[in-house]
J.: 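Mind looking over this structure? Questions follow.
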Amino acid sequence: MNKRSTSLLLRNCTRQSSSSSFESFCLYLHLHFSHFKFKFNSNPNPNRIKFNSHTTMAAPSSTHPPNPLITPYKMGRFNLSHRVVLAPLTRERSYNNVPQPHAVLYYSQRTSNGGLLIAEATGVSDTAQGYPDTPGIWTREHVEAWKPIVDAVHAKGGIFFCQIWHVGRVSNTGYQPNGQQPISSTDKALKSTEYTQPRRLRTDEIPNVVNDFRIAARNAIEAGFDGVEIHGAHGFLLDQFMKDQVNDRTDQYGGSLENRCRFPLEVVEAIVNEIGADRVGIRLSPFIDYSESGDSNPLQLGLYMVNALNRYNIAYCHVVAPRMGSIGGKVQNPESMVILRNAFNGSFMVAGGYDREDGIKAIGENRADLVAYGRWFLANPDLPKRFALNAPLNKYHRPTFYIGGHPDPLVGYNDYPFLDDDESNTVRS
């Protein structure tokens, strides 16, 4: 077998990274600060850089300005080698809600040593579904199916969180057990006839849904995930409780801001108690009105939530930024996002239409600690490396984002090219 054939074969297998995060950091130092003379002292701190007596203080080379996206970051217990995060992306390729073997390659391709990945939205129960072939985490079969996928990410040194969700009223009877109505904070239907009028959850039923989230988080840890991200965004069930343009309840889960946020915070508390605060993140979108889930005072809602979350010391808060126009619009970086960032005590992650320059500015201006990328990471499995090198990006193919875009479900899934045939996906600045 010649070198070309070998490299092509390797591209279709789980790629192993031979570099440690510390080696990558040393490379970063070498590239950007080669005019300094360093020596590493293994005692008492092996990672401390000590200047020797011959250190020169020449200005850094203007030809290699540091890229803030490609700098190490400590997210609680997790040591990340860079700030580029794989956003949770629904791909609709988990038949009958069971994760499939092709996801092993898909997630492995997008793994870099010390990189953070968030798995696609994963249902917490049989009532949580609203889209075709999205994965679940509520049965033993689901847990076992996730294990080899998680193992492949860990084999390359990645950190892997599972996003867990319940879609609430963004569903119809066809996705619900026994053809029942979807559940929500309300009985108001979405305008689209694609969705069935929901049934308002009774007060005494809400603890059961909280428990579904708790068990799903426990199952995710059993499957090997490093943590879970609670999906509290984009008009799904938790968002339907938080937003006053949806929630019209008169019990302790409706009315005041405190009451509307009660259910999401009960979910957070239950999961923190189950798996530990340092393994928990949450995604919020107070400024977004997807699925007719808007709020009359989104900044007040966001501030209330991040301040309440500070009580739990969770690993991170992931906030979707406002964008101009529809999906795919250019990211805005309003002061409202900065207000939330400053109010939250933990790691602050942003998403929502960011490109490379937006991400560099967000980290460089201290507006975020981490930036999650969706469409660009989907189309560029080595996105952190491309960002480090400022290399050209593959264009994404929107029709194959979901399962119906091509007869072959693997097209537009794990066939996007890497920069090199013998790609190792090692990130260097």
J.: Report the C-alpha distance between N345 and N313 in whole Å, list the side-chain angles of each, state the deciding distance to 0.1 Å, and finish with yes or no for side-chain contact (heavy atoms from CB on, under 4.5 Å).
T.: CA-CA 8 Å; N345 292 340; N313 296 313; 5.5 Å; no
J.: Can S112 and H82 be counted as having a side-chain donor-acceptor contact under 3.5 angstrom?
T.: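 Yes, side-chain donor-acceptor contact under 3.5 Å.
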J.: Provide the closest heavy-atom pair for V320 versus S285 in the form atom of the first, atom of the second, distance.
T.: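 Residues V320 and S285, closest heavy atoms: CB-CB, 4.1 Å.
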J.: Does the pair E335 and R367 meet the rule for a salt bridge (charged side-chain N to carboxylate O under 4.0 Å, His left out), with working shown?
T.: CA-CA 9 Å; E335 288 305 310; R367 292 173 175 261; 3.4 Å; yes
J.: Ignoring hydrogens and angles, state whether a donor on the side chain of D244 or S296 is under 3.5 Å from an acceptor on the partner side chain.
T.: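 Yes, S296 and D244 have a side-chain donor paired with an acceptor closer than 3.5 Å.
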J.: Quick one: do the E266 and Y253 side chains pair a donor with an acceptor below 3.5 Å?
T.: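 Judged by distance alone, the side chains do pair up.
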J.: Is there a donor-acceptor pair under 3.5 Å between the side chain of K188 and the backbone N or O of Q245?
T.: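 Flag set: sc K188 to bb Q245 pair under 3.5 Å.
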J.: Examine distances only and state if a side-chain atom of Q181 and a backbone atom of Q197 form a donor-acceptor pair shorter than 3.5 Å.
T.: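 Between the backbone of Q197 and the side chain of Q181 there is a qualifying donor-acceptor contact (under 3.5 Å).
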J.: Inspect the surroundings of CG in D408 and state if more than 12 heavy atoms from other residues, nucleotides or ligands are less than 6.0 Å away.
T.: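 Buried by this count: over 12 neighbours within 6.0 Å.
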J.: Do you know the tightest heavy-atom contact between V210 and A270?
T.: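 Scanning both residues, the minimum pair turns out to be CG1-CB, 3.7 Å.
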J.: Mind running side-chain contact (heavy atoms from CB on, under 4.5 Å) on E92 and F401 for me, showing each step along the way?
T.: CA-CA 8 Å; E92 296 181 359; F401 281 3; over 6 Å; no
J.: When you measure from the side chain of R169 to the backbone of T196, do you find a donor-acceptor pair of N or O atoms at a distance under 3.5 Å?
T.: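 Between the backbone of T196 and the side chain of R169 there is no qualifying donor-acceptor contact (under 3.5 Å).
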J.: Report yes if the side chains of P88 and E120 come closer than 4.5 Å at any heavy-atom pair, otherwise no.
T.: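 The answer is no; the side chains never approach within 4.5 Å.
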J.: Are the side chain of N394 and the backbone N or O of P417 linked by a donor-acceptor pair below 3.5 Å?
T.: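 Yes, the answer is positive, given that a donor and an acceptor are paired below the 3.5 Å cut-off.
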J.: Does a salt bridge link D289 with K243, judged by any charged N lying under 4.0 Å from a carboxylate O?
T.: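 Not counted as a salt bridge, because no side-chain N and carboxylate O are separated by less than 4.0 Å.
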J.: Could you check, using the six-membered ring where one of them is a Trp, whether W138 and H142 have ring centers closer than 6.0 angstrom?
T.: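 Judged by ring-centre distance (under 6.0 Å), W138 and H142 do meet the cut-off.
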J.: I'd like to know if R279 pairs up with E274 as an ion pair, taking the criterion as any Lys NZ or Arg NE/NH1/NH2 lying under 4.0 Å from an Asp or Glu carboxylate oxygen.
T.: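 A salt bridge is absent here (no side-chain N lies under 4.0 Å from a carboxylate O).
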J.: Check R260 with D295, please: is the shortest side-chain N to carboxylate O separation under 4.0 Å?
T.: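 Salt bridge flag = yes for R260 with D295.
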J.: According to the interplanar angle, ranging from 0 to 90°, do the rings of F236 and H231 count as parallel (below 30°), tilted (30 to 60°) or perpendicular (above 60°)?
T.: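 Ring orientation, 0 to 90° scale: perpendicular.
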J.: Checking side chain to side chain donor-acceptor pair (under 3.5 Å) for the pair Q129/N97: CA distance, chi angles, key distance, verdict?
T.: CA-CA 9 Å; Q129 306 305 302; N97 308 126; 3.2 Å; yes
J.: Using a strict cut-off of less than 4.0 Å between a Lys/Arg side-chain nitrogen and an Asp/Glu carboxylate oxygen, indicate whether R214 and E269 qualify as a salt bridge.
T.: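 A salt bridge is absent here (no side-chain N lies under 4.0 Å from a carboxylate O).
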J.: Got a second to check how far C162's SG is from I221's CD1, nearest 0.5 Å?
T.: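 Going from SG on C162 over to CD1 on I221, the span is 9.0 Å.
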J.: Has S171 got a side-chain atom pairing as donor or acceptor with G168's backbone, closer than 3.5 angstrom?
T.: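 Looks like no, no N/O pair under 3.5 Å.
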J.: Is atom NZ of K147 surrounded by more than 12 heavy atoms (other residues, nucleotides or ligands) closer than 6.0 Å?
T.: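 Yes, NZ of K147 has more than 12 neighbouring heavy atoms, counting only those of other groups under 6.0 Å.
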J.: I'd like to know if the side chain of S185 reaches the main chain of Q240, judged simply by a donor and an acceptor atom lying under 3.5 Å from each other, with no hydrogens or angles considered.
T.: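 Judged by distance alone, yes, a pair lies under 3.5 Å.
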J.: Run the side-chain contact (heavy atoms from CB on, under 4.5 Å) check on Y106 and L89 step by step: do they pass?
T.: CA-CA 12 Å; Y106 172 76; L89 296 166; 4.0 Å; yes
J.: Does any non-hydrogen side-chain atom of L284 lie less than 4.5 Å from one of H318?
T.: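 Not touching, per the 4.5 Å side-chain cut-off.
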J.: What is the minimum heavy-atom distance between V306 and F344, and which atoms define it?
T.: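 Between these two residues, the closest heavy atoms are O-CD1, 3.9 Å.
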J.: Are Y316 and F161 near enough that their ring centres are under 6.0 Å apart?
T.: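 Ring centroids of Y316 and F161 are less than 6.0 Å from each other.
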J.: Does any part of the side chain of R356, heavy atoms only, come nearer than 4.5 Å to the side chain of L393, both counted from C-beta?
T.: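 L393 vs R356: side chains apart.
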J.: Identify the heavy atoms of H166 and S125 that sit nearest to each other, and give their distance.
T.: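 Looking at all heavy atoms of both residues, the closest pair is CD2-OG, 3.9 Å.
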J.: Taking the side chain as everything from C-beta on, heavy atoms only, tell me whether L117 gets closer than 4.5 Å to Y107.
T.: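 Yes - at least one pair of side-chain heavy atoms lies under 4.5 Å apart.
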J.: Is there a side chain to side chain donor-acceptor pair (under 3.5 Å) between D248 and T186 once you walk through the steps?
T.: CA-CA 6 Å; D248 56 0; T186 182; 3.1 Å; yes
J.: Between G158 and D226, what is the shortest heavy-atom contact and its length?
T.: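 Of all heavy-atom pairs spanning G158 and D226, the closest is O-OD2, 4.2 Å.
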J.: So does I137 get a backbone contact from the side chain of N219, meaning a donor-acceptor N/O pair under 3.5 Å?
T.: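 Yes; at least one donor-acceptor contact below 3.5 Å.
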J.: Please report the shortest heavy-atom distance between Y73 and L370, naming the atom on each side.
T.: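 Minimum heavy-atom contact is CD2-CD2, 3.9 Å.
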J.: Other residues, nucleotides and ligands only: do more than 12 of their heavy atoms fall within 6.0 Å of NZ on K74?
T.: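 It does: K74 NZ has more than 12 such atoms within range.
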J.: Could you go through N380 and R110, starting from their C-alpha distance and side-chain angles, then the distance that decides it, and tell me whether this counts as side chain to side chain donor-acceptor pair (under 3.5 Å)?
T.: CA-CA 8 Å; N380 296 271; R110 286 154 184 80; over 6 Å; no
J.: With salt bridge (charged side-chain N to carboxylate O under 4.0 Å, His left out) as the criterion, how do E205 and R199 come out once you've worked through the C-alpha distance, each side chain's angles and the decisive distance to 0.1 Å?
T.: CA-CA 12 Å; E205 292 179 300; R199 178 179 67 82; 2.9 Å; yes
J.: Determine, step by step, whether L265 and L309 satisfy the side-chain contact (heavy atoms from CB on, under 4.5 Å) criterion, reporting the C-alpha distance in whole Å, the side-chain angles of both residues, the deciding distance to 0.1 Å, and the verdict.
T.: CA-CA 8 Å; L265 292 172; L309 290 168; 4.1 Å; yes
J.: Does R93 reach the main-chain N or O of D133 with its side chain, forming a donor-acceptor pair under 3.5 Å?
T.: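 Side chain of R93 to backbone of D133, a donor-acceptor pair under 3.5 Å: no, none is there.
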J.: Is the gap between the ring centers of Y373 and F387 under 6.0 Å?
T.: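 Between Y373 and F387, the centre distance is under 6.0 Å.
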J.: How about H154 and F160: are their ring centres within less than 6.0 Å of each other?
T.: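 No - the distance between ring centres of H154 and F160 does not fall below the 6.0 Å cut-off.
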J.: Does a side-chain heavy-atom distance below 4.5 Å link M349 with V85?
T.: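 Heavy-atom side-chain distance check passes, below 4.5 Å.
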J.: If I take atom CZ from residue F263 and atom CD1 from residue I206, how far apart are they, to the nearest 0.5 angstrom?
T.: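 The distance works out to 6.5 Å.
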J.: Check whether any side-chain heavy atom of Q163 lies under 4.5 Å from a side-chain heavy atom of I118, and answer yes or no.
T.: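 A side-chain contact under 4.5 Å exists here.
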J.: Can any side-chain N or O of D382 pair as donor or acceptor with the backbone N or O of K385 at less than 3.5 Å?
T.: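 No; zero donor-acceptor contacts below 3.5 Å.
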J.: Any heavy-atom pair between the side chains of L86 and L116 that's under 4.5 Å?
T.: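 SC-SC contact between L116 and L86 ruled out.
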J.: Using ring centroids (six-membered ring only for Trp), state whether Y131 and W165 fall under 6.0 Å.
T.: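 Ring centres of Y131 and W165 closer than 6.0 Å.
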J.: Would you say the side-chain atoms of R91 pair up with the backbone N or O of T400, donor to acceptor, closer than 3.5 Å?
T.: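 Checked: pair present.
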J.: Between atom CZ of F287 and atom CE of M337, what is the distance when rounded to the nearest 0.5 Å?
T.: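 CE of M337 is found 6.5 Å from CZ of F287.
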J.: Does a side-chain N-to-carboxylate-O contact under 4.0 Å join E357 and K361?
T.: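 Judged by the 4.0 Å cut-off on N to carboxylate O distance, E357 and K361 do not form a salt bridge.
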J.: I'd like to know whether R218 forms a salt bridge (charged side-chain N to carboxylate O under 4.0 Å, His left out) with E222, so could you lay out the CA-CA distance, the side-chain angles of the two residues, the decisive distance to 0.1 Å, and finally the verdict.
T.: CA-CA 6 Å; R218 182 179 68 195; E222 184 180 347; 5.9 Å; no
J.: The test is side chain to side chain donor-acceptor pair (under 3.5 Å); show your working for S184 and R200 and say whether it passes.
T.: CA-CA 5 Å; S184 182; R200 187 193 309 272; over 6 Å; no
J.: Kindly indicate whether the side chain of P72, heavy atoms from C-beta on, has any atom under 4.5 Å from the side chain of S81.
T.: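 A side-chain contact under 4.5 Å is absent here.
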